[in-house]
Amino acid sequence: MATYAEMQEVFEDIRSDFRYDHELNGCLNCGICTATCPSAHFYDYSPREIVQLLWTENVEQIYDAMQEKIWACAQCMTCAARCPFKNSPGGLVAIMREVAIKHGFQSAKDVLRPFGRVMLKLITTGNQLSPDMIQPDHFPDWGPNIQKVEGDLKTLRKAIPMKTLQTTDTAWEVAIKTSVEMYTIWEETGVLKQLETMDENLFDVIEDFIDEKREEYADWLEEQEDKEDA
Ligand code: SF4
Ligand code: SF4
């Protein structure tokens, strides 16, 4: 169990986020946000409650809401469009989630674990999804029609009229320069640090991959320079 000082530190991180004052402007307690929130219909979750907790600065209950409740939000922002006070409960939840990741909350690890495969794909290919990920075992919720994509993926890709570069392990090929620039952005903005906090094993795999790509890019640049000099 966290100490009161730790809970206060978590709240300070939420409150000091540069978006906080734009997303929270007071609360009438009118309940419009909760009435229109899709997640509130299905889960033990209420955007009004989140706003009230933050507005009253109840650090213990804020900490408690970060264990489960905040992960129910669908980030649809219906609440932000409806609130007469121009609050954004969905935006506040986004800040709370980022702080939960920063502090290595178990709730964040549990929620993000299933996305590890997508994260690996995104960082190694620049695409979130690829044809070779569409396997019946991975999408039981798609029902029996998923069987239609079983077969020769390469042939199916060639049947698509638009240019797809015919790849199956990525949706399209991303230029190495773009990939290397993205790695720098993820590094500078703390995304890779967050990943390390959430899943050290996945981070190690991705770090090795990034090192290899950077070396490959350095060799490519050298080749280009040699060509120009020739
Ligand atoms: S709609 Fe706005 S003012 Fe009304 S309860 Fe929700 S956050 Fe508060
Ligand atoms: S952003 Fe989250 S809190 Fe707001 S309406 Fe959508 S699901 Fe509800």
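Worth saying up front: this structure is predicted, and the values here are computed from it rather than measured. Whatever order the structure lists ligands and atoms in, that order sets their numbers, starting from 1.
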- Note on the structure: min-distance protein heavy atom vs atom 3 (S) of ligand 2 -> Y45 OH, 3.2 Å
- Can you tell me which residue and heavy atom of the protein come closest to atom 2 (Fe) of ligand 2, and the distance to 0.1 Å? C73 SG, 2.3 Å
- Task: Could you tell me how the ring of F105 sits relative to the ring of H103: parallel (under 30°), tilted (30 to 60°) or perpendicular (over 60°)?
- Result: perpendicular
- Could you find the nearest protein heavy atom to atom 5 (S) of ligand 1 and give me its residue, atom name and distance? G31 N, 3.2 Å
- Query: Do V51 and F85 sit in the same hydrophobic cluster, where Ile, Leu, Val, Met, Phe, Trp and Tyr count as joined when their side-chain heavy atoms come under 4.5 Å apart?
  - Reply: no
- Pull out every atom of ligand 1 sitting under 4.0 Å from any heavy atom of N87, numbered as shown with elements. 2 (Fe), 7 (S)
- Query: Below 4.0 angstrom, N of the basic side chain to O of the carboxylate: do E49 and K69 qualify?
  - Reply: yes
- Taking only non-hydrogen atoms of L28 and a 4.0 Å limit, the atoms of ligand 1 in range are 3 (S), 8 (Fe)
- Message: I need the single residue from I176, D219, T184 that forms a side-chain contact (heavy atoms from CB on, under 4.5 Å) with R214. Which is it?
- Response: T184
- Pair S46-T34, side-chain donor/acceptor within less than 3.5 Å: yes
- Give the cluster check for V93 versus L112: same hydrophobic cluster or not, with ILVMFWY residues linked at side-chain heavy-atom distances below 4.5 Å. no
- Region of N29 engaging ligand 1 - heavy atom pairs below 4.0 Å: backbone
- Task: Considering heavy atoms of the protein only, find what lies nearest to atom 1 (S) of ligand 2 and give residue, atom and distance to 0.1 Å.
- Result: M77 N, 3.1 Å
- Query: Has C79 got an N, O or S atom lying less than 2.8 Å from atom 6 (Fe) of ligand 1?
  - Reply: no
- Task: May I ask you to list the atoms of ligand 2 that are less than 4.0 angstrom from any heavy atom of P47?
- Result: 3 (S)
- Note on the structure: For atom 4 (Fe) of ligand 1, the closest protein heavy atom turns out to be C30 SG, 2.3 Å
- Which heavy atom in W186 sits nearest to a heavy atom in I123, and how many Å separate them? CZ3-CG1, 3.8 Å
- Please report which non-hydrogen protein atom sits nearest to atom 6 (Fe) of ligand 1, along with the residue it belongs to and the distance in Å to one decimal place. C33 SG, 2.3 Å
- Going by the order shown, which atoms of ligand 1 are within less than 4.0 Å of some heavy atom of P84? 1 (S)
- Electrostatic pair K102-E98, nearest N-O below 4.0 angstrom: no
- Message: Please list, in number order, the atoms of ligand 1 under 4.0 Å from a heavy atom of C83.
- Response: 1 (S), 2 (Fe), 3 (S), 7 (S)
- Query: Looking at C37, which atoms of ligand 2 are within less than 4.0 Å of one of its heavy atoms?
  - Reply: 3 (S), 5 (S), 7 (S), 8 (Fe)
- Query: N127 side chain to T125 main-chain N or O, any donor-acceptor pair under 3.5 Å?
  - Reply: yes
- Message: Side chains of D132 and S130 only: does a donor on one sit below 3.5 Å from an acceptor on the other?
- Response: yes
- Query: Got a sec: is C27 within less than 2.8 Å of atom 4 (Fe) of ligand 1 via an N/O/S atom?
  - Reply: no
- Task: Starting from atom 7 (S) of ligand 2, find the nearest protein heavy-atom neighbour and note its residue, name and distance.
- Result: A74 N, 3.1 Å
- Query: Between E23 and K86, is there a salt bridge with N-O shorter than 4.0 Å?
  - Reply: no
- Query: Does C76 bring an N, O or S atom to under 2.8 Å of atom 6 (Fe) of ligand 2?
  - Reply: yes
